[in-house]
Amino acid sequence: MRKFASFFIFLITISLTAQEDFTPGFKLLENGDFKEAKTFFEPFTKSLPTNKTVLICYGRAVGLSGEPEVANTIFKDLLKKHPNDFEVQINYYESFLWANQYQEAKPLYADLVAKNPENFAAILGYANTLSNLKEYKDALKWVNKALEIDPNNGSAKVSRKYIKLGYANYYVNNQNYKKGESLLNEILEDFPDDKDALLNLANIFLITKEVKKAKETYYKYAKTPKDSITALNGVALAEHIGEKEKIALETAINAKQKAIKLKDTELLEKSEERYVQALIWNRKFVSAKKEISVLEEKYPNRNWVLALKATLGMYTAKFKTSITNYDKILVNDSLSFDGNLGKANALFASDKIVPAYITTYKTLDIFPKQKDASGLIKKLNTNYTPFAEQQVSYTFDNGDNTAISLRSAVMVPLSTKFRTTVSYQYRTTENTTTNNKANSHIVQADIEYKLMPQTNLLTSVGLNNSRFSNTAYTQPIIQAKLQMKPLSFLNLDLGYQREVQNFNAELIEREIVMNHYSLIYNLSTNFNLGWYSQLIHTKQTDNNERNLLFTSLYYNVLRKPALKFGVNYQYITFKDQLPLIYFSPDKYKALELFGDVRGKINSKTNYFASAATGLQYVEEQDASSLFRAEAGVTHQFSDRLIGDIYAKYSNIASATAAGFEFTEVGIKLKYYLTKQPLFLDRLKKKYSINK
């Protein structure tokens, strides 16, 4: 519509001089039948080769039917014969717009409006030129000037609509959603229920997660059977964002059924796509896989079908499959947003950090300031930005022991594969009955190295200096752990740890060193069931040995908030029984039921709470009840400062070496020392990343 704006003014100008024979041609141009108009005027260019009106009409017909360069040449030659002729000038300048040569058109229009400051056609042409150059602020100023000259001109109002659409999109891309919303509402004042404005407005509400407003906007859009299908697909997405997955699926099914009845190919494809997405959101993976197989046969090598396969792979932790499908999308369309950002997310999930960085920055090159891509960069940076951490805790138990612990740590990633942590912990303990006091100082350095994606080696070395009355000792502490993910749903840790027992003053005095050999695995599934197990064999310097088995079968009831319930079983046995010194039964068993919930209070504050209760059996004694609970709140004060408070209680006999029930409360502060990873500039330079 915008490119025709000058044409209507042109008709007014030439209608005064038009000959009767040209009337059918004028009507063809006015109705947008440009190829027919070209055929009509072409004979006149031979019989009347110098007629300005004929050449202008023919030039417009040629240019608007797909040959703007030919039209440009016609007007350029005509301008030589009629220099400074406004009618020829404005058509010549407009031909640059038809050819998308906006930079060439800009100075021409600027000169034209300077010489004709009250000419509607010149001003509107300049506004359209600026709009196509995405200079929306100036474009809006000039189109408003055009409307001051002719307030009711429909072409100018349409031009202003598209300028405001572009300007709103600019603000949305820069995450100024309120300004974008305001411009779209202004469009609706000129064109109530305008479809373009409503869809863009709904998109803003989806981005800002204003689900109710998004749904209301889609319902307002649904004026026809065809539009109602588009609206239902939008509502299904809104319900997903609002975490109402069942309603999202019901809505998507409704949209698909309507699209089948309407027999609109494009809408049917979009509805089929939304339906499969809704199946995936509801974790109906078997059904989704079957639907995708049908769609692959129906629409071979279509990007949206490949994107569905990739999405299913992301939800089922088959990240290699996702990357393969995103690569196929990029072969079809290297500028695809789904292909580029989807691949970046899959690489990140696959623990391929450098490729994830490269692909995300490539996405931002194509889609500057895009919110999701910017969010992924922020997530990557947060994982590798140096931080300092300070933790303070207070512990007391029913054996009259109290303890205060202070821990400071600094973590510095030197690359995506290598990070170091240095920590210092001071712990002072006292028994208020015996007046025994002790303290310990622990200095430790950790090194974590990524051997390959999903495989990390963690090593720690340090010293534990403990003081009791007038005596003191220093013991080395060592830890080595291999963290692996051999299968999509399996995490496996193999570890060794040398630690000094420092729970209370009496144990510190005895200088008991424990050597732990551990195997830990966590198996998750697509059907919400999980199995966590821990096997630990401990050799102590007092010649005692301990074997521990802890296994937990759990079920994820909800995703948001994350809610799970399960059953835990624990079995412990010691070689020697030393009950007067520490908890060391020949046989200990515990069976408990537990629940765990984690979620958001608001965008800056998270919470968690867990509790377990059951029975415990110490050797051949009667069963006794057990209970443990833990809760905490995390608040993000700024992008760089995060605070935690927590509390926990346990009366499970195995919770401490001494078998006491205890309570602990604490606070923790985490501060990111820099705004981005130390290695980020080097990484950008190495891989020629400009951003």
Legend entry - Tyr588 versus Glu619, side-chain donor and acceptor atoms under 3.5 Å: no

Legend entry - From Arg427, Glu664, Gln425, residue fulfilling side-chain hydrogen bond (donor to acceptor under 3.5 Å, both in side chains) relative to Ser405: Gln425

Inset, instruction - Please answer whether the main-chain N or O of Asp542 pairs with a side-chain N or O of Gln540 as donor and acceptor at a distance below 3.5 Å. - result: no

Legend entry - Check: Thr538 side chain, His516 main-chain N or O, donor-acceptor pair, under 3.5 Å: no

Inset, instruction - Could you tell me which residues satisfy side-chain hydrogen bond (donor to acceptor under 3.5 Å, both in side chains) with Lys481, sequence neighbours excluded, listed by chain and number? - result: none

Legend entry - Spacing of CZ belonging to Arg598 relative to CG belonging to Leu563, to within rounding of 0.5 Å: 11.5 Å

Inset, instruction - Would you mind reporting whether Lys668 and Ile642 have side-chain heavy atoms less than 4.5 Å apart? - result: no

Inset, instruction - Measure across Val597 and Pro561 and return the closest heavy-atom pair with its distance rounded to 0.1 Å. - result: CG2-CB, 4.2 Å

Inset, instruction - For the residue pair Tyr646 and Gln391, establish whether any side-chain heavy-atom pair is separated by less than 4.5 Å. - result: yes

Legend entry - Spatial distance of atom CZ (Arg283) from atom CG (Asn526) [nearest 0.5 Å]: 6.5 Å

Inset, instruction - Would you please say whether a donor-acceptor pair under 3.5 Å links the side chains of Asn547 and Thr573? - result: no

Inset, instruction - Show your working on side-chain contact (heavy atoms from CB on, under 4.5 Å) between Asp493 and Leu482 and close with a plain yes or no. - result: CA-CA 6 Å; Asp493 292 356; Leu482 183 63; over 6 Å; no

Inset, instruction - Side-chain contact test, heavy atoms from C-beta onward, threshold under 4.5 Å: evaluate it for Pro585 versus Phe574 and give yes or no. - result: yes

Inset, instruction - Specify whether Phe679 and Tyr357 have parallel, tilted or perpendicular ring planes, treating 30° as the upper limit for parallel and 60° as the lower limit for perpendicular. - result: perpendicular

Inset, instruction - For residues Tyr521 and Trp531, establish whether the separation of their ring centroids is below 6.0 Å. - result: yes

Legend entry - Under 3.5 Å: donor-acceptor pair, side chain of Arg467, backbone of Ser440: no

Inset, instruction - Could you go through the side chain to side chain donor-acceptor pair (under 3.5 Å) check for Asn522 and Tyr554 one step at a time? - result: CA-CA 11 Å; Asn522 186 27; Tyr554 58 90; 2.9 Å; yes

Inset, instruction - Apply ring-ring contact (aromatic ring centres under 6.0 Å, His included) to Tyr496 and list each qualifying residue two or more places apart in sequence or on a separate chain. - result: Tyr517

Inset, instruction - Calculate, to the nearest 0.5 Å, the distance between atoms CG and CG belonging to Leu678 and Leu680 respectively. - result: 10.0 Å

Inset, instruction - Return yes when atom CG of Asn602 has more than 12 non-hydrogen atoms of other residues, nucleotides or ligands closer than 6.0 Å, and no otherwise. - result: yes

Legend entry - Sub-4.5 Å side-chain heavy-atom contact between Phe594 and Ser552: yes

Legend entry - Between Ser466 and Asn464: side-chain donor-acceptor atoms closer than 3.5 Å: yes

Inset, instruction - Using a cut-off of 6.0 Å, state whether more than 12 heavy atoms not belonging to Lys378 lie near its atom NZ. - result: no

Legend entry - NZ/NE/NH1/NH2 to OD/OE distance under 4.0 Å, Asp351 and Lys485: no

Inset, instruction - Taking side-chain contact (heavy atoms from CB on, under 4.5 Å) as the test, write out the residues that go with Tyr449, two or more places apart. - result: Lys417, Phe418, Leu451

Legend entry - Heavy-atom donor-acceptor pair, Thr385 side chain to Asn381 backbone, under 3.5 Å: yes

Inset, instruction - Spell out, as yes or no, whether a donor-acceptor pair under 3.5 Å connects the side chain of Arg419 to the backbone of Ile447. - result: no

Inset, instruction - Could you walk me through whether Phe468 and Lys437 pass side-chain contact (heavy atoms from CB on, under 4.5 Å), step by step? - result: CA-CA 6 Å; Phe468 180 86; Lys437 296 181 181 180; over 6 Å; no

Inset, instruction - To the nearest 0.5 angstrom, please state how far the CG atom of Leu347 sits from the CD1 atom of Ile323. - result: 4.5 Å

Legend entry - Modelled atom types, side-chain donor and acceptor of Asn282 and Glu245, under 3.5 Å: no

Legend entry - Test item: Asn651 side-chain N/O and Phe627 main-chain N/O as donor-acceptor pair under 3.5 Å: yes

Legend entry - Glu592/Asn568 under side chain to side chain donor-acceptor pair (under 3.5 Å): CA gap, chis, key distance, verdict: CA-CA 5 Å; Glu592 61 183 3; Asn568 298 333; 2.9 Å; yes

Inset, instruction - List the steps, then state whether side-chain contact (heavy atoms from CB on, under 4.5 Å) holds for Leu376 with Phe348. - result: CA-CA 9 Å; Leu376 182 54; Phe348 176 56; 3.9 Å; yes

Inset, instruction - Side-chain contact test, heavy atoms from C-beta onward, threshold under 4.5 Å: evaluate it for Glu448 versus Leu457 and give yes or no. - result: no

Inset, instruction - Evaluate the side-chain proximity of Arg407 to Val392: yes if any heavy-atom separation is below 4.5 Å, no if none is. - result: no

Legend entry - Side-chain H-bond candidate by donor/acceptor type, Gln390 with Ser408, under 3.5 Å: yes

Legend entry - Spacing of CD belonging to Gln483 relative to NZ belonging to Lys450, to within rounding of 0.5 Å: 9.5 Å

Inset, instruction - Test side-chain contact (heavy atoms from CB on, under 4.5 Å) on Ser624 and Tyr617 and set out the steps. - result: CA-CA 7 Å; Ser624 61; Tyr617 303 83; over 6 Å; no

Inset, instruction - Look only at the side chain of Ser488 and the backbone of Ala317, and say whether a donor-acceptor pair between them is shorter than 3.5 Å. - result: yes

Inset, instruction - Indicate whether the side chain of Asp644 and that of Thr634 have a donor and an acceptor atom separated by less than 3.5 Å. - result: yes

Inset, instruction - Could you pull out all residues at least two apart from Lys215 that satisfy side-chain hydrogen bond (donor to acceptor under 3.5 Å, both in side chains)? - result: Glu239

Legend entry - Salt bridge Arg559-Glu243, side-chain N to carboxylate O under 4.0 Å: no

Inset, instruction - Could you tell me whether the side chain of Thr434 and the main chain of Asn436 form a donor-acceptor pair under 3.5 Å? - result: yes

Inset, instruction - Run the salt-bridge test on Glu620 and Lys587 with the 4.0 Å N-O cut-off and return the result as yes or no. - result: yes

Inset, instruction - Would you kindly say whether Asp400 and Asn431 are connected by a side-chain donor-acceptor distance under 3.5 Å? - result: no

Legend entry - side-chain hydrogen bond (donor to acceptor under 3.5 Å, both in side chains) partners for Tyr649, two or more places apart: Glu661

Legend entry - Heavy-atom check, side chain of Phe527 versus side chain of Phe285, under 4.5 Å: no

Inset, instruction - Report yes or no: does Ser533 contribute a side-chain atom to a donor-acceptor pair with the main-chain N or O of Leu549 at less than 3.5 Å? - result: no

Legend entry - By ring-ring contact (aromatic ring centres under 6.0 Å, His included) - contacts of Tyr571 (at least two apart): none

Legend entry - Asn254/Thr251 under side chain to side chain donor-acceptor pair (under 3.5 Å): CA gap, chis, key distance, verdict: CA-CA 5 Å; Asn254 190 11; Thr251 308; over 6 Å; no

Inset, instruction - Please examine the side chains of Val211 and Phe205, heavy atoms only from C-beta on, and report whether any two atoms are closer than 4.5 Å. - result: no

Legend entry - Backbone N/O of Leu578 and side chain of Ser584: donor-acceptor pair under 3.5 Å: yes

Legend entry - Nearest-0.5 Å distance that lies between atom OG1 in Thr663 and atom CG in Asn398: 9.0 Å

